[in-house]
Number of protein chains: 2
Amino acid sequence: MGASKVEIHTETHILISEIAKVLSHPARVAILEYIAKQENCICGDIVDEIGLSQPTISQHLQVIRNAGLLKGNFEGKRLCYCLDVARFKEFQQVLNQFFNHTSAQCC
Amino acid sequence: MGASKVEIHTETHILISEIAKVLSHPARVAILEYIAKQENCICGDIVDEIGLSQPTISQHLQVIRNAGLLKGNFEGKRLCYCLDVARFKEFQQVLNQFFNHTSAQCC
DNA sequence: TCTTATTATCGTAATATTGCAATATTAATT
DNA sequence: AATTAATATTGCAATATTACGATAATAAGA
């Protein structure tokens, strides 16, 4: 089918899977790292950096944006992307809670 | 296309995305939590627990197994699954390294 | 206003994922 | 060996994802 049976899962499990989904493509991992690394949030050359076409990068950015990880700023001429660090750390915490809680319970 | 352009990405980015991919479906998150929770690794009723068909669960288990997160034991009659906690914690560490490294660099 | 540069969207093709019924395999028990 | 129970595999259909060319939208500067 390809469609997930979302209704049988808990909110927490869905949240974890949605966070993981953002990181489940190497291009998105690279983009996140890149926009964090850039001083003054100078962006726009993600395309050159990653090696995928502009529409493809834009598509990946949308996934990242939909997850709430992107802050857009105008700095002079270009639309500048910036990582929403607070949200990013929220994601880390949710995953850590899952990891800790799960491994603590194991035999 | 649907196929990822793996050759343009770094080993680290691919590793992170592969770890995330395991967690990118709520059923797999639920399965991991469940097999960790079970005392004495009593398994086999994952199907009842999750609410998906046996072949579908088996398929998700394969993804988890291929990631190296599953240890199979024989305990009496049934094939018992157990979480490989060491590997699981390895995954956590890789993700945490990415999160820490990335958010530390951000503006 | 007309370029020009940047980013987003559309359309489309290829591949991947999810899900299950049917079937096969495996291992313990009779 | 035959039966039974548990798990894996196969085959298929539906949907999702990835990727890019073409095009549209947006905004700054001439």
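Because only heavy atoms are used, hydrogens play no part in the values below, and waters and symmetry mates are left out as well, while side chains stay in. Below, read A as the first sequence line, B as the second, and so on, with proteins coming before strands; counting in each chain starts at 1.
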Check your understanding: Does a nitrogen or oxygen in the side chain of A:His60 sit under 4.0 Å from OP1 or OP2 of D:dA19?
Key -> yes
Revision key, fill the gap. Atom CD of A:Gln54 and atom C1' of C:dA8 are separated, to the nearest Å, by 7 Å
Side-chain donor-acceptor contacts of residues 51-61 of chain A below 3.5 Å, not counting sequence neighbours, with atom names and distances?
residue	atom	partner	partner atom	Å
A:Ser53	OG	A:Thr56	N	3.4
A:Ser53	OG	A:Thr56	OG1	2.9
A:His60	ND1	A:Arg28	NH1	3.1

Review point. So, is B:His25 near the phosphate of C:dG19, with a side-chain N or O under 4.0 Å from OP1 or OP2?
Key: yes
Point to revise | Length of the CD1-P vector between A:Ile64 and C:dT7, whole Å | key: 14 Å
Check your understanding: What about A:Phe91 and B:Phe99, are their ring centers closer than 6.0 Å?
Key -> no
Check your understanding: Over how many whole Å does the gap from A:Gln62 atom CD to D:dA16 atom P extend?
Key -> 15 Å
Check your understanding: Can you tell me how far P of D:dG21 sits from CD1 of A:Ile57, to the nearest Å?
Key -> 13 Å
Point to revise | Any B:Thr56 side-chain N or O less than 4.0 Å from OP1/OP2 of C:dC20 | key: yes
Review point. Quick one: are B:His101 and A:Glu33 in side-chain contact, heavy atoms under 4.5 Å?
Key: yes
Practice item. Rounded off to whole Å, could you give me the CD1-to-P distance for the A:Ile46 and C:dA5 pair? Key: 20 Å
Practice item. Please state how far atom CD in B:Gln59 lies from atom C1' in D:dT15, giving the value in whole angstrom units. Key: 14 Å
Point to revise | Validation row: A:Lys21, B:His25 side chains within 4.5 angstrom (heavy atoms) | key: no
Point to revise | Short side-chain N/O contact from A:Tyr81 to OP1 or OP2 of C:dT6, under 4.0 Å | key: no
Exercise for review: Would you classify B:Leu52 as touching base, sugar-phosphate or nothing, given that sugar-phosphate means primed atoms plus P, OP1 and OP2, and contacts are heavy atoms under 4.0 Å?
Suggested key: sugar-phosphate
Point to revise | Whole angstrom value for the distance that separates C1' of D:dT17 from CG of A:Asn66 | key: 14 Å
Check your understanding: How many angstroms lie between CD1 in B:Ile35 and CG in B:Asp84, if you round to the nearest 0.5 Å?
Key -> 9.5 Å
Review point. How many Å lie between CZ on B:Arg28 and C1' on C:dA16, as a whole number?
Key: 12 Å
Check your understanding: Between C:dT17 and B:Lys21, is there an OP1 or OP2 to side-chain N/O distance shorter than 4.0 Å?
Key -> yes
Point to revise | Position toward the 5' end of DNA chain C (nearest nucleotide), B:Pro55 or A:Leu61 | key: A:Leu61
